[in-house]
Engineer: 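Okay, here's the structure, questions in a sec.
Atoms within each ligand, like the ligands themselves, are counted from 1 in listed order.
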Amino acid sequence: MAQDAKIALITGANRGIGLETAKQLGKTGVTVVVGARSLSAAEETAAQLKADGIDAYPLQLDVTSAADRTAAAKFFADKFGRLDILINNAGVAASTGFEPVNSQVKDDELERIFSTNLFAVVALTRELLPLIKKSPAGRIVNLSSILGSNGLHADPASPIYGFKSFAYDGSKAALNSYTIHLAWELKDTPIKVNSAHPGWVKTEMGTDAAPMEIPDGAKTSVALALLGADGPSGSFIHLGQQLPW
Ligand code: NAP
């Protein structure tokens, strides 16, 4: 590891946008810690990145596990003494896909989706914030979605007007609210907190119907992770453009 290399944690880094984000960040010289639900998946991912010349470390991190989150904080404290970049990438989709399930959404579906997409992000960030505060320029990127935009959902002319599945959309809208609140709390620090919409990307979640390839889908996360001191905080960004909340 280069002496001055930034340290990043990417959650859900074993596939999809998370894996590609780790790859692209690693290629810029960032040391990437790849979080995955199972240790074997994390180890396989880190080995794959290392073979590509990237400084990568595996970390078993089921973001919904309090024990894993505490162990993650201990890992960064012991190994690096700080964390520069946290990418809250892990997320789950509705079990009904893009079907418009709203009034009929089940309690267990709401709990499952909010647990991963919101509660785990808040809890992991709380656990890691003391280490991010030790970074000279901490960056937190929350993987949201255009489907979390209340403004666009309320607009009959918007492209997402007909794509309403409350559990997922509501989890990302609440995540956006968290981004705004955390950015406000940290406004007098060097830390920047932003929500990213990656695009509609060809992953397991995005399906083959998505128009965007995975390398492009990671670009927004990578750009927000590497923001300079003059970059925004408390924004909702897709490829450099602010989206409506
Ligand atoms: P994906 O291909 O389905 O990958 C999801 C990743 O999250 C996997 O690595 C998965 O791990 C991990 N994950 C899920 N629950 C986890 C948990 N409890 N702990 C740790 N990891 C967990 O999804 P993706 O398309 O790359 O999406 C990445 C992020 O972008 C998500 O937050 C998603 O909501 C957001 N997003 C995606 C799109 C899109 O079009 N693809 C659009 C807008 C927003 P396992 O392999 O163990 O399941």
Engineer: Does L147 approach ligand 1 within less than 4.0 angstrom via side chain, backbone, both or neither, non-hydrogen atoms only?
Structural biologist: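 It is neither part, as no heavy atom is under 4.0 Å.
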
Engineer: Do you see a donor-acceptor pair shorter than 3.5 Å between the side chains of T179 and N142?
Structural biologist: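 Their side chains do contain a donor-acceptor pair, which is all the 3.5 Å distance test asks for.
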
Engineer: Are side-chain N/O atoms of N194 and S233 paired as donor and acceptor at under 3.5 Å?
Structural biologist: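 The answer is no; no qualifying pair exists.
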
Engineer: Could you walk me through whether S95 and E109 pass the side-chain hydrogen bond (donor to acceptor under 3.5 Å, both in side chains) check?
Structural biologist: CA-CA 8 Å; S95 53; E109 174 82 339; 3.0 Å; yes

Engineer: If the cut-off is 4.0 Å to any non-hydrogen atom of E204, which atoms of ligand 1 fall inside it?
Structural biologist: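 Heavy-atom distances to E204 below 4.0 Å select 2 (O).
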
Engineer: Within the structure provided, determine whether Y161 and D155 are in side-chain contact (heavy-atom separation under 4.5 Å).
Structural biologist: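 The answer is no; the side chains never approach within 4.5 Å.
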
Engineer: Which atoms of ligand 1 sit under 4.0 Å from any heavy atom of D62?
Structural biologist: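 So the atoms of ligand 1 that pass are 17 (C), 18 (N), 19 (N).
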
Engineer: With a 4.0 Å cut-off on heavy atoms, is T11 touching ligand 1?
Structural biologist: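 It does not, in that no heavy atom of T11 comes within the 4.0 Å cut-off of ligand 1.
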
Engineer: Counting each atom of ligand 1 from 1 as listed, which ones have a heavy atom of T64 under 4.0 Å away?
Structural biologist: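 Per the distance check, 18 (N).
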
Engineer: Look at the rings of F236 and W245 and say which category their plane angle falls in: under 30° parallel, 30 to 60° tilted, over 60° perpendicular.
Structural biologist: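 Parallel: the ring planes of F236 and W245 meet at under 30°.
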
Engineer: Between D52 and K27, is there a salt bridge with N-O shorter than 4.0 Å?
Structural biologist: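 Here K27 pairs with D52 in a salt bridge, since their nearest N and O are under 4.0 Å apart.
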
Engineer: Which value, rounded to the nearest 0.5 Å, describes the distance between T220 atom OG1 and H197 atom NE2?
Structural biologist: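 Between T220 OG1 and H197 NE2, I get 8.0 Å after rounding to 0.5 Å.
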
Engineer: Salt bridge check: are D84 and R82 linked by an N-O gap of less than 4.0 Å?
Structural biologist: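 Looking at D84 and R82, the cut-off is met.
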
Engineer: If I compare all heavy atoms of P198 with all of H238, which pair ends up nearest, and what's the gap?
Structural biologist: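 Closest pair (atom of P198, atom of H238, distance): O-CE1, 3.5 Å.
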
Engineer: If hydrogens are left out, which of V92, I17, N89 has an atom nearest to atom 29 (C) of ligand 1, that is, the closest non-hydrogen atom?
Structural biologist: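 When every heavy atom of V92, I17, N89 is considered, N89 comes closest to atom 29 (C) of ligand 1.
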
Engineer: Nearest heavy atom to atom 38 (C) of ligand 1 wins, so pick from G206, G199, G217, S221.
Structural biologist: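 Looking at heavy atoms only, G199 sits closest to atom 38 (C) of ligand 1.
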
Engineer: Counting non-hydrogen protein atoms only, what is the nearest one to atom 23 (O) of ligand 1? Give residue, atom name and distance.
Structural biologist: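 Result for atom 23 (O) of ligand 1: M205 CB, 3.5 Å.
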
Engineer: In this structure, does ligand 1 have an atom that sits under 4.0 Å from one of the heavy atoms of A210?
Structural biologist: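 A210 does not count as a contact of ligand 1 under the 4.0 Å cut-off.
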
Engineer: Pick, from P198, P211, A120, the option with the minimum heavy-atom distance to atom 43 (C) of ligand 1.
Structural biologist: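 Closest candidate by heavy-atom distance is P198.
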
Engineer: Checking a contact table here: which protein heavy atom is nearest atom 22 (C) of ligand 1, and how many Å away?
Structural biologist: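 Checked against all protein heavy atoms, atom 22 (C) of ligand 1 sits closest to A90 CB, 3.5 Å.
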
Engineer: May I ask whether S144 places a heavy atom under 4.0 Å from ligand 1?
Structural biologist: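 Contact present.
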
Engineer: Would you check the N or O atoms of Y168, main chain and side chain alike, for any that come under 3.5 Å of an N or O of ligand 1?
Structural biologist: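 Indeed, backbone or side chain, Y168 has an N or O that close.
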
Engineer: Decide whether the shortest distance between a heavy atom of K172 and an atom of ligand 1 is less than 4.0 Å.
Structural biologist: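 Distance cut 4.0 Å: K172 passes for ligand 1.
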
Engineer: With a cut-off of 4.0 Å, which atoms of ligand 1 are near a heavy atom of W200?
Structural biologist: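 Those qualifying, in numeric order: 40 (O).
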
Engineer: Only heavy atoms of L61, strictly under 4.0 Å: list the atoms of ligand 1 that pass.
Structural biologist: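 In order of numbering, the contacting atoms are 19 (N), 20 (C).
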
Engineer: Taking only heavy atoms of G16 into account, list the atoms of ligand 1 that are under 4.0 Å away from them.
Structural biologist: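 Heavy-atom distances to G16 below 4.0 Å select 2 (O), 26 (O).
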
Engineer: What is the nearest protein non-hydrogen atom to atom 3 (O) of ligand 1, stated with its residue, atom name and distance?
Structural biologist: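 Result for atom 3 (O) of ligand 1: R15 NH1, 3.2 Å.
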
Engineer: Show, in sequence, the C-alpha distance, side-chain angles and deciding distance for K133 and I191, and conclude whether the side chain to side chain contact (heavy atoms under 4.5 Å, CB included) test is met.
Structural biologist: CA-CA 7 Å; K133 285 183 173 170; I191 301 172; 3.8 Å; yes

Engineer: Looking only at protein heavy atoms, which one is nearest to atom 12 (C) of ligand 1, and what is the separation?
Structural biologist: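 Scanning the protein heavy atoms, the shortest distance from atom 12 (C) of ligand 1 goes to G12 CA, 3.7 Å.
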
Engineer: Starting from atom 9 (O) of ligand 1, what is the nearest protein heavy atom, named by residue and atom, and what distance separates them?
Structural biologist: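 Here the closest protein heavy atom is N14 OD1, 2.7 Å.
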
Engineer: If you measure from each non-hydrogen atom of K202 to ligand 1, which part falls under 4.0 Å: side chain, backbone, both or neither?
Structural biologist: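 No part of K202 comes within reach of ligand 1.
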
Engineer: Return yes or no for this condition: an N or O of V63 is under 3.5 Å from an N or O of ligand 1.
Structural biologist: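 Looking only at distances, the answer is yes, because the N/O contact criterion of under 3.5 Å is met.
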
Engineer: Can R69 and E127 be counted as an ion pair, charged N to O under 4.0 angstrom?
Structural biologist: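 Looking at E127 together with R69, the answer is no, because their closest N to O distance does not fall below 4.0 Å.
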
Engineer: Say whether, by atom type as modelled, one donor and one acceptor occur between the side chain of S135 and the main chain of A137 under 3.5 angstrom.
Structural biologist: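 A pair under 3.5 Å: yes.
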
Engineer: Could you walk me through whether F76 and Y57 pass the ring pair (Phe, Tyr, Trp, His ring centres under 6.0 Å) check?
Structural biologist: CA-CA 11 Å; F76 284 100; Y57 295 83; 9.3 Å; no

Engineer: Parallel, tilted or perpendicular: which one describes the rings of F119 and F114, with boundaries at 30° and 60°?
Structural biologist: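 Plane angle between 30° and 60°, so tilted.
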
Engineer: Any idea which protein heavy atom is nearest atom 24 (P) of ligand 1, and the distance to it?
Structural biologist: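 Of every protein heavy atom, T203 OG1, 3.6 Å lies nearest to atom 24 (P) of ligand 1.
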
Engineer: To the nearest 0.1 Å, how far is atom 30 (O) of ligand 1 from its closest protein heavy atom, and which atom is that?
Structural biologist: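 Of every protein heavy atom, L143 CD1, 3.6 Å lies nearest to atom 30 (O) of ligand 1.
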
Engineer: Applying salt bridge (Lys or Arg N to Asp or Glu O under 4.0 Å) to R37 and D68, what does each step give before you reach the verdict?
Structural biologist: CA-CA 9 Å; R37 269 198 263 225; D68 281 7; over 6 Å; no

Engineer: Quick test: of every protein heavy atom, which one is nearest to atom 40 (O) of ligand 1, and how far off is it to 0.1 Å?
Structural biologist: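 Heavy-atom neighbour on the protein nearest atom 40 (O) of ligand 1: V201 N, 2.7 Å.
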
